[in-house]
Asker: 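Once you've had a glance at the structure underneath, I'll fire off some questions.
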Amino acid sequence: MENEKGTKTDKGIQSHDAFINSVKASLNTAKIKTARIRKTDSQLFIANVVSPAAATLLAGLTAAVGGNTLFVQAASQSNDGGWRLACILVAIFGFIATVSGMFKKQFDDRLVQGNQCVGRLLSLDLAITTGSSGWEEAAKEYGEIVKAFPEFIS
């Protein structure tokens, strides 16, 4: 009988260790994915600020100086070539600003979700480590996190 109890206890300890390792692995995965999203979000933020500023500056300089004066080489290639080049560049910067703004919004939402996932997993890990949460309660919370944030855990 003791062997059975000892074996059951060993299996219980192994399953608890496997659960703890699973939570820690999920936490690590979620942290890595959220860090990647944060990096891309920062890059999109920079593009979303720099592109419209560059378009505005270029349009203002072109209007003040003159397109053919600002872009002499383009002006020498064709009639009003400097103005055309200026307009093309302003349009490109405006396009980049529009597209980066759209993607920035999507990454903002994903970043919020990633931070929530990491926060809940950190809380769960702390509860398991301190023993303030029972195994059944912790397993239930982990299941809810996996259901709510599958893209950050797998």
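Note that this is a predicted model, so its numbers are computed, not measured. These numbers come from the heavy atoms of this one structure, side chains and all, not from hydrogens, waters or symmetry mates.
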Asker: Counting heavy atoms not belonging to Asn79, are there more than 12 under 6.0 Å from its CG?
Answerer: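 No, the 6.0 Å shell around CG holds no more than 12 heavy atoms from other groups.
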Asker: Under the 3.5 angstrom rule, does the side chain of Ser22 hit a backbone N or O of Ala18 as a donor-acceptor pair?
Answerer: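 No, the answer is negative, given that no donor and acceptor are paired below the 3.5 Å cut-off.
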Asker: Tell me which one of Lys140, Arg120, Gln116 satisfies side-chain contact (heavy atoms from CB on, under 4.5 Å) with Ile145.
Answerer: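 Checked Lys140, Arg120, Gln116 against Ile145; only one passes side-chain contact (heavy atoms from CB on, under 4.5 Å): Arg120.
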Asker: Between atom CG of Leu122 and atom CG of Asn115, what is the distance when rounded to the nearest 0.5 Å?
Answerer: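 Output value for this atom pair is 10.5 Å.
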Asker: Tell me if a side-chain donor or acceptor on Ser42 pairs with a main-chain N or O of Arg38 at a distance below 3.5 Å.
Answerer: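 Indeed, once roles are kept as given, a pair shorter than 3.5 Å links the two residues.
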Asker: Mind checking whether Tyr142 and Val23 have side chains closer than 4.5 Å, heavy atoms only?
Answerer: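 Yes, side chains in contact.
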Asker: Which heavy atom of Leu27 sits nearest to which heavy atom of Val118, and what is that distance?
Answerer: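 Closest approach of Leu27 to Val118, heavy atoms only: CD1-O, 3.8 Å.
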Asker: Given Asp108, which of Lys104, Gln106, Lys105 fulfils the side-chain hydrogen bond (donor to acceptor under 3.5 Å, both in side chains) condition?
Answerer: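 Result: among Lys104, Gln106, Lys105, Lys104 is the only option passing the side-chain hydrogen bond (donor to acceptor under 3.5 Å, both in side chains) with Asp108.
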Asker: Taking a hydrophobic cluster as the set of Ile, Leu, Val, Met, Phe, Trp and Tyr residues connected by side-chain heavy atoms closer than 4.5 Å, whether directly or through intermediates, do Leu85 and Val90 fall within one such cluster?
Answerer: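 Yes; tracing contacts between hydrophobic side chains, which count when under 4.5 Å, links both residues.
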Asker: Is there a continuous path of hydrophobic side-chain contacts, each under 4.5 Å between heavy atoms, that joins Val50 to Leu57?
Answerer: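 No.
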Asker: Write down the atom of Glu151, the atom of Gln113, and the distance for their closest heavy-atom approach.
Answerer: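 Distance-wise, the nearest heavy atoms are OE2-OE1, 3.4 Å.
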Asker: Check whether any side-chain heavy atom of Thr29 sits under 4.5 Å from a side-chain heavy atom of Ile153, and report yes or no.
Answerer: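 Thr29 vs Ile153: side chains apart.
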Asker: What are the two closest non-hydrogen atoms of Phe152 and Cys117, and how far apart are they?
Answerer: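 Scanning both residues, the minimum pair turns out to be CB-SG, 3.9 Å.
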Asker: Just wondering, do Leu89 and Phe71 contact through their side chains at under 4.5 Å, heavy atoms?
Answerer: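 When only atoms from C-beta onward are counted, Leu89 and Phe71 do touch, with a gap below 4.5 Å.
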Asker: Any donor-acceptor pair under 3.5 Å linking the side chain of Ser132 with the backbone of Ile128?
Answerer: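 Not confirmed, Ser132 side chain does not pair with Ile128 backbone.
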Asker: What is the minimum heavy-atom distance between Ser51 and Ile96, and which atoms define it?
Answerer: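 For Ser51 versus Ile96, the nearest heavy atoms are OG-CG2, 3.0 Å.
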Asker: I'd like to check Glu141 versus Glu144 (side-chain heavy atoms, cut-off strictly below 4.5 Å). Are they in contact?
Answerer: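 Glu141 vs Glu144: side chains touch.
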Asker: Which pair of non-hydrogen atoms, one from Phe107 and one from Leu44, has the smallest distance, and what is that distance?
Answerer: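 Nearest pair, atom of Phe107 first, then Leu44: CD1-CD1, 3.6 Å.
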Asker: Below 30° counts as parallel, above 60° as perpendicular, anything between as tilted: where do the rings of His16 and Trp135 land?
Answerer: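 Ring orientation of His16 relative to Trp135: parallel.
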Asker: Mark yes or no for whether Asn21, through its side chain, and Asp17, through its backbone, hold a donor-acceptor pair below 3.5 Å.
Answerer: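 Confirmed, Asn21 side chain pairs with Asp17 backbone.
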Asker: Looking at every heavy atom in both Ala55 and Phe93, which two are closest together, and how far apart are they?
Answerer: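 The answer is CB-CB, 3.6 Å.
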Asker: Short question: side chain of Asn48, backbone of Ser100 - any donor-acceptor pair under 3.5 Å?
Answerer: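 It does not hold such a pair.
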Asker: Measure the spacing between OG1 of Thr130 and CG of Asp125 and express it to the nearest 0.5 Å.
Answerer: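 Going from the OG1 atom of Thr130 to the CG atom of Asp125 covers 9.5 Å.
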Asker: Please answer: with hydrophobic residues joined when any side-chain heavy atoms are less than 4.5 Å apart, are Met102 and Leu111 in the same cluster?
Answerer: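 Linked, Met102 and Leu111 end up in one cluster.
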Asker: Could you measure the distance from the CZ atom of Arg110 to the CZ atom of Phe149? Nearest 0.5 Å is fine.
Answerer: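 Here the interatomic distance stands at 12.5 Å.
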Asker: Mind checking the CZ-OG1 spacing from Phe45 to Thr40? Nearest 0.5 Å is all I need.
Answerer: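 That separation rounds to 15.0 Å.
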